[in-house]
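Here is the structure we will look at, set down as structure tokens.
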Amino acid sequence: MPFLTPNSLAALLESAVSTRSALLGRAAHAQIIKTLDNPLSSFLSNHLVNMYSKLDLPGSAQFVLSLTPSRTVVTWTALIAGFVQNGHFVSALLQFSDMLRECIRPNDFTFPCAFKASASLRMPVMGKQVHGLAVKDGQIRDVFVGCSAFDMYSKTGLRDEARKLFEEMPERNIVTWNAYISNAVLDGRPRNAVDSFIEFLRVGGEPDSITFCAFLNACSDASYLEPGRQLHGLVIRSGFEADVSVSNGFIDFYGKCREIGSSEMVFYKMGQRNDVSWCSMVTAHVQNDEEEKACMVFLQSREEGIEPTDFIVSSVLSACAAFSGLELGRSVHALAVKACVEGNIFVGSAIVDMYGKCGNINDAKQAFHEMPKRNLITWNAMLGGYAHQGHADMALALLEEMTFGSNEVVPNYVTLVCVLSACSRAGAVKMGMEIFESMRVKYGIEPGVEHYACVVDLLGRAGMVERAYEFIKKLPIPPTTSIWGALLGACRVYGKPELGKIAADNLFELDPKDSGNHVVLSNMFAAAGMWEEATIVRKEMKDVGIKKGAGCSWISVKNSVHVFQAKDSSHERNSEIQAMLAKLRREMKEAGYVPDTKFALHDLEEEEKISEVWYHSEKIALAYGLITIPPGLPIRIIKNLRICGDCHSAIKFISGIVGREIVVRDNSRFHRFKDGQCSCRDYW
DNA sequence: CTAGGGTTAG
């Protein structure tokens, strides 16, 4: 080892920090002990403390500090800064007060660390004290100190203090403005954020990538499509076109403004993409109801060797949940375990939600109980799983546990939506009404649109359509589409075309373009034999230019998804499918199945009606499942619309004949068929 | 030795 000067030793310590090499740091320390006399000079000990603290070795850092008799504010600040950078905020503040006890005055480097620690801990009381010190010393006039104090007040919710500080600042730089704009967004004041960005430009400020990202966040939050679009020009002129973070911001912004095409454009034009780019693209697809595309992008990211971060994993899990992609969901769960992110509360909640929405309540339960930490979202995800399955008793038990257990969660708005919806799906009218009526007093939650819709659904599903209508008439708010939609659905099921017409008219007024409502209404008339009315509705749809989304069912076999429409004969194994259908039809007839032609949508001869309901997409998908999925395994089918009554009874017969479990997930619930029975309590 | 930021869950 050549002779090392203090300067070269310091350089060694610095490179240990920049390469995050504790080994190099310790070696340099050993060399310092060997070559230099004790006690340590403050120059080298400052560097040593800095190195240990930055490399998250707080014990060693404190030890060196304690051995340094000539320690100064720089030594202490090196220690505190490292603690803050590594997230040890409480220790950082404790060290800060130890320093004060030694009568060492904090400087313009120390204050920002103390403010950041207070802000991160959401401790305004602490922050205020630090602020007092900074004012007394006159340090508050420093840009760094002032900016971090402002940030602290914003993040701890002391809005007035923050504003005063900002207004009184003697000097502002780009960081100050960025802090102002970002905190306005965090505070839910996007308008303010946009205005201050314009003000910043007006005073001649030159935005950087952080300013652009903050501005885009404001635009995403408030759906300011035009301002965000216009930013593109400025970004190019400022030379930030190739900035990855800014592009990521645009992907997110366009996605949230439902301009998914623009998101894709930005994404595919990027020269460099990082894991956030991929994650933003996945999320943008999920937010635009393109779950399959979200999964495709995710799979592509795997091929590109992108790290499966907690962010990406939770995003893609929510996509799986939305389209019941159990197979992919399971493999993402496995991947999460492999990548050591399954303990993350976002990921864990998404896993619980995914299993719940895919109908695997036991897996959801297991994931829920295995989580190291649970928050309100996790509990609600579990409740949502019970709601999906109509397990009102389980949902209620969980709500009790949540309320009276030693948990740190308090039921909120969504919690009550989940519980009420569990009741409505279980047909537990009395229980549901009791919960609804007591929610304000017992849980302190003001009923909202979703709760009202649950009650209408609860009454409607139980056949009390008139009572549901009376309930709607007494609502303190104007009924929404979900409320009238619940009534219309019930009228269709229970054959109440007059009331259904009222619900439908209200729906058309609120949302004239929605195809679903027209279809339900037309189907309701058709089921009641009111063919003329049914035809009128269909004609109206045509006139206004409403296209009915095609009904389809899909089934996942091995790793591919097979989609079928009604009367579909396009599959490559069509002849086998037809043979299976014919065989089933014979055996079902022997077992006593009678086609229910009131689910035919057109006024045809009886024979034609029978044929129409027989070739519904779910039956074709089921036939394909029977010829491809090995015996013993359940067959899972997903349908984008609601399963019809004839298919429901047909699949009951089929489950008995073939002796297999068949699960159908339609757009409103799960149907688990086994031994000729179905788990649901629905009527058609 | 210091301040501002991007994507996630019901």
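Below, chain A is the first sequence line, B the second, and so on; all start at residue 1. Note that the structure is a prediction, hence the values are computed from the model and not measured.
Checked by atom type and distance alone, the side chain of A/Arg258 never pairs as donor or acceptor with a backbone atom of A/Gly255 at under 3.5 Å. Of the possible donor and acceptor atoms, none in the side chain of A/Arg665 sits under 3.5 Å from a partner among the backbone N and O of A/Cys358. Although no hydrogens or angles enter the test, the distance criterion places no donor-acceptor pair under 3.5 Å between the side chain of A/Arg273 and the main chain of A/Trp278. A donor-acceptor distance shorter than 3.5 angstrom exists from the side chain of A/Asn86 to the backbone of A/Lys54, with no hydrogens or angles considered. Between the side chain of A/Thr68 and the backbone N or O of A/Val64 there is at least one donor-acceptor pair closer than 3.5 Å.
With B/dG10, B/dA3, B/dG6 as the choices, the nucleotide that has an atom nearest any side-chain atom of A/Lys116 turns out to be B/dA3. Checked against B/dT2, B/dT7, B/dG5, the side chain of A/Phe109 finds its nearest nucleotide in B/dT2. With B/dT7, B/dG10, B/dA3 as the candidates, the nucleotide lying closest to the side chain of A/Ser280 is B/dT7. For A/Val74, the listed nucleotide lying nearest its side chain is B/dC1; candidates were B/dC1, B/dA3, B/dG6. For A/Ile210, taking side-chain heavy atoms from C-beta onward, the closest of the listed nucleotides B/dC1, B/dG10, B/dG5 is B/dG5. Side-chain atoms of A/Asn248 lie closest to B/dG6 of the nucleotides B/dG5, B/dT2, B/dG6. Of the candidate nucleotides B/dG6, B/dC1, B/dA3, B/dC1 has the atom lying nearest to any side-chain atom of A/Ala78.
For A/Ser349 against B/dG10, no side-chain N or O and base N or O form a donor-acceptor pair under 3.5 Å. In the interface, the side chain of A/Asp142 is not paired with the base of B/dA3 through any donor and acceptor atom under 3.5 Å apart. One donor-acceptor pair, N or O on each side, does fall under 3.5 Å between the base of B/dT8 and the side chain of A/Ser314.
Residues meeting the ring-ring contact (aromatic ring centres under 6.0 Å, His included) test with A/Phe89, sequence neighbours left out: none.
Between A/Lys54 and the phosphate of B/dT2, there is a side-chain N or O to OP1/OP2 separation shorter than 4.0 Å. Contact between the side-chain N/O atoms of A/Asn217 and the OP1/OP2 oxygens of B/dT7 is found at a separation under 4.0 Å. Neither OP1 nor OP2 of B/dT2 sits under 4.0 Å from any side-chain N or O of A/Asn107. Neither OP1 nor OP2 of B/dT2 sits under 4.0 Å from any side-chain N or O of A/Gln139. At B/dG5, one or more side-chain N or O atoms of A/Lys155 fall inside 4.0 Å of OP1 or OP2 (strictly under the cut-off).
Nucleic acid contact class of A/Asn50 (heavy atoms, under 4.0 Å, all strands): sugar-phosphate only. Nucleic acid contact class of A/Thr283 (heavy atoms, under 4.0 Å, all strands): sugar-phosphate only. In this structure, A/Asn375 reaches the bases: a heavy-atom distance under 4.0 Å links it to at least one base atom across the strands shown. Nucleic acid contact class of A/Asp208 (heavy atoms, under 4.0 Å, all strands): base. Within 4.0 Å of A/Asn173, counting heavy atoms only, lies at least one base atom of the nucleic acid. Note on A/Asp310: a base of the nucleic acid sits closer than 4.0 angstrom, heavy atoms only. Within the nucleic acid shown, A/Asp151 comes within 4.0 Å of sugar-phosphate atoms alone, with no base atom in reach, counting heavy atoms only.
Protein atom CG of A/Leu317 is 10 Å distant from nucleotide atom P of B/dG10, rounded to whole Å. Taking atom CD1 of A/Ile140 as the reference point, atom P of B/dA3 lies 15 Å away to the nearest angstrom. Distance, A/Glu291 CD to B/dT8 P: 15 Å, rounded to whole Å. The nearest whole Å value for the distance from the CZ atom in A/Phe253 to the P atom in B/dG5 is 21 Å. Going from atom CG of A/Asp275 over to atom P of B/dT8 covers 13 Å, rounded to whole Å. Nucleotide B/dT7 holds its P atom 10 Å from the CD atom of A/Gln287, rounded to whole Å. Distance, A/Ile174 CD1 to B/dA3 P: 16 Å, rounded to whole Å. Between A/Asp243 atom CG and B/dT7 atom C1' there is a gap of 15 Å when expressed in whole angstrom units.
Annotation: proximity of residues 161-169 of chain A to DNA chain B (heavy atom, distance under 4.0 Å) is found for no residue.
Nearest heavy-atom pair across A/Glu291 and A/Ala319 is CG-O, 3.5 Å. Closest heavy-atom contact between A/Leu44 and A/Ala10: CD2-N, 4.1 Å. The two residues A/Ile351 and A/Ala367 have their closest heavy-atom pair at CG2-CB, 3.7 Å.
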